[in-house]
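Here is the structure we will look at, set down as structure tokens.
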Amino acid sequence: MPLRPSRASAIGFICLAVIIVLFLYSRSVDESQHIPQETPHDRIPRSTRIVAVGDLHGDIGNAQKVLEMAHVVDSHGKWSGQVDVFVQTGDIIDRGDDTIKLFDWMEDLRSQAYGVGGRVLSHLGNHEWMNAIGDWRYVHESEIKTFGGVEERQAVLSTGRVGRAWAANYTTTSRLPLHPSLGAPNDDFPPPSGAEASKLSSPLSHAAYSFVHGGLSPAYPQLTPFPSNINNIGHSLLRKLQHRVQPPPHPPHKYPGIPPSATREEHALYESDGPLWYRGWALNGETKVCREVGAVLEKTGTRRMIMGHTPDFEKIVSRCDGKIIIIDTGISHAYGGALSALSVEYTLEPVASLSPSEKKWQEREVIKALYPDHSVVLVDEERDVFGDI
């Protein structure tokens with residue numbers, strides 16, 4: 001007959017089992033705590049503040065009010081250091097008398113910004129191009145006198161200090177990355193093979209904005225590589241215009257037009273579907289523009305396109321969830337429109353993840369229309385993104 005275990009031995013067996021279970025559990029917890037985890041402290045957060053302003057048309061007083069309102073400059077008109085990039089989308093000239101003052105001020109700001117790590121991006125609008133061609137229909141006699149006369153004005157805008165600034169520091173369009181992994185402002189999309197930007201997938205690969213005066217038409221054939229293809233055409237045409245014998249201005253003389261030596265691409269730059277004159281993003285119906293904008297953003301490696309040229313005298317216009325933003329509000333006293341600026345605040349913050357190979361970030365874009373007495377949020381988007389940035 002088998003022996004039955006005593007009550008004491010049974011209790012001892014249970015206690016031993018409990019000890020073993022607790023030991024094994026503690027080992028598993030301890031090991032789990034030693035699983036390598038990716039920590040966000042090893043990665044650097046990014047932040048960028050951008051301010052963009054549309055057409056200024058010869059009015060330095062209102063221009064100074066707008067840039068001070070947006071904290072681009074201080075009360076003395078000097079670079080404030082509170083903005084990383086200031087963008088002006090063209091049409092500084094015409095309709096007012098402050099042409100020389102405005103272009104000189106832009107060059108001063110460019111130098112001041114560069115000295116503290118900031119950046120000024122400047123664009124030639126259709127009115128700058130009109131003046132380079134010799135189309136002076138919107139030039140006031142009083143403005144010509146500030147140059148000293150017609151010939152003096154032609155000299156300053158062609159090979160003088162304003163013309164030299166146009167050639168050196170102004171482009172037709174820009175691509176502005178929101179974080180440095182995409183390269184510097186106006187680095188091309190698509191990026192060259194092997195570049196850091198070429199390793200990024202969407203949406204980070206398109207974390208950039210385009211800026212232009214008129215608009216990047218879906219029918220315009222020179223969108224890639226962006227922006228160098230368009231800008232090279234613009235630089236070539238500007239050089240031909242500035243270094244020819246300057247024709248007598250129109251009016252009262254005959255319209256001079258594009259030089260005979262201009263290429264087909266240079267003619268197309270100045271046509272209605274070109275980036276200087278295109279108004280489709282502002283004037284076409286919502287369904288049409290929202291259907292077409294995605295293809296242009298994809299080609300140019302951008303999330304949003306920002307432009308001037310077509311004014312709304314009351315507000316900055318946002319269309320298609322902020323994919324299209326039109327910032328011309330008639331700032332100049334010639335129009336009497338709204339004083340306005342576009343503000344972009346971008347942050348990219350590292351976020352902890354369980355896998356050391358998974359680099360997770362939280363990205364946020366806040367875009368506001370700024371006015372003297374209020375601001376309006378146009379975009380406030382957050383997204384999780386992944387990549388070794």
Side-chain angles (χ1 to χ4, degrees), residues 40 43-54 70-71 82-87 89 119 121 174-183 185 187 189 197 199-212 215-216 218 226 281-282 286-308 312 315-327 329 340-353 358-371 374-389:
R43 292 179 281 141
I44 302 172
R46 307 284 187 186
S47 65
T48 302
R49 181 157 189 256
I50 303 162
V51 169
V53 170
H71 303 294
Q82 298 184 47
V83 171
D84 297 296
V85 184
F86 168 60
V87 184
T89 55
R119 189 79 176 251
L121 294 181
S174 290
R175 180 176 184 263
L176 180 57
L178 297 177
H179 61 80
S181 295
L182 284 176
D187 280 1
F189 183 88
K199 303 171 187 177
L200 298 176
S201 58
S202 183
L204 277 176
S205 60
H206 285 59
Y209 297 163
S210 70
F211 294 88
V212 70
L216 301 173
F226 183 80
W281 300 121
E286 195 77 2
T287 300
K288 178 178 173 61
V289 297
C290 294
R291 184 177 65 246
E292 294 178 341
V293 66
V296 176
L297 296 176
E298 184 63 31
K299 283 183 181 179
T300 56
T302 55
R303 287 183 185 164
R304 312 184 195 281
M305 53 174 70
I306 299 168
M307 66 210 78
D312 182 304
K315 64 185 183 302
I316 288 173
V317 175
S318 174
R319 308 188 74 183
C320 310
D321 297 322
K323 293 182 175 69
I324 300 165
I325 302 178
I326 304 147
I327 62 173
T329 60
S340 68
L342 189 77
S343 168
V344 178
E345 295 180 2
Y346 175 83
T347 56
L348 186 66
E349 299 281 349
V351 179
S353 58
E358 181 183 70
K359 307 293 187 183
K360 184 177 180 181
W361 305 77
Q362 185 174 75
E363 188 183 44
R364 187 179 184 191
E365 295 171 73
V366 180
I367 304 178
K368 297 178 182 178
L370 306 180
Y371 307 101
H374 70 290
S375 63
V376 177
V377 176
L378 304 177
V379 174
D380 188 347
E381 290 184 1
E382 289 185 354
R383 60 178 68 81
D384 289 336
V385 294
F386 300 87
D388 192 8
I389 303 168

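R43 places a side-chain N or O within donor-acceptor distance of the main-chain N or O of V351, the cut-off being under 3.5 Å. In this structure a side-chain-to-backbone donor-acceptor pair under 3.5 Å is present from T48 to L178. Side-chain atoms of R175 never come within 3.5 Å of backbone atoms of F226 as a donor-acceptor pair (strictly under, hydrogens ignored). The closest donor-acceptor contact from the side chain of D84 to the backbone of I50 lies at 3.5 Å or more, if one exists at all. Distance alone, capped at 3.5 Å, is enough to place a donor-acceptor pair between the R304 side chain and the G322 backbone. Listed for the W281 side chain is a donor-acceptor partner under 3.5 Å among the backbone atoms of L216. Without hydrogens or angle criteria, S353 side chain to E358 main chain gives a donor-acceptor distance under 3.5 Å.
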Side chain to side chain contact (heavy atoms under 4.5 Å, CB included) between H206 and L297, intermediate numbers included | CA-CA 8 Å; H206 285 59; L297 296 176; 5.7 Å; no

Let me see the working for E365 and R383 under side chain to side chain contact (heavy atoms under 4.5 Å, CB included), right down to the final yes or no.
-> CA-CA 9 Å; E365 295 171 73; R383 60 178 68 81; 2.9 Å; yes

Would L182 and F189 count as a side chain to side chain contact (heavy atoms under 4.5 Å, CB included) if you check the C-alpha gap in whole Å, the side-chain angles of each, and the deciding distance to 0.1 Å?
-> CA-CA 9 Å; L182 284 176; F189 183 88; over 6 Å; no

How far apart are the C-alpha atoms of S181 and L204, what are their side-chain angles, what is the distance that settles it, and do they pass the side chain to side chain contact (heavy atoms under 4.5 Å, CB included) test?
-> CA-CA 9 Å; S181 295; L204 277 176; over 6 Å; no

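Closest approach of P177 to A208, counting heavy atoms only: CA-CB, 3.7 Å.
With L342 as the fixed residue, the side chain to side chain contact (heavy atoms under 4.5 Å, CB included) test singles out one of I367, L370, V53: I367.
Every pair passing side chain to side chain donor-acceptor pair (under 3.5 Å) that includes a residue from residues 316-325 is listed here, sequence neighbours excluded: E286-R319.
Ion pairing of D380 with R364 is present here, as a side-chain N (NZ or NE/NH1/NH2) and a carboxylate O approach within less than 4.0 Å.
Two residues are said to be in side-chain contact when any heavy atoms from C-beta on lie closer than 4.5 Å; M305 and V293 meet this criterion. With a 4.5 Å cut-off on side-chain heavy atoms, F86 and V51 count as touching.
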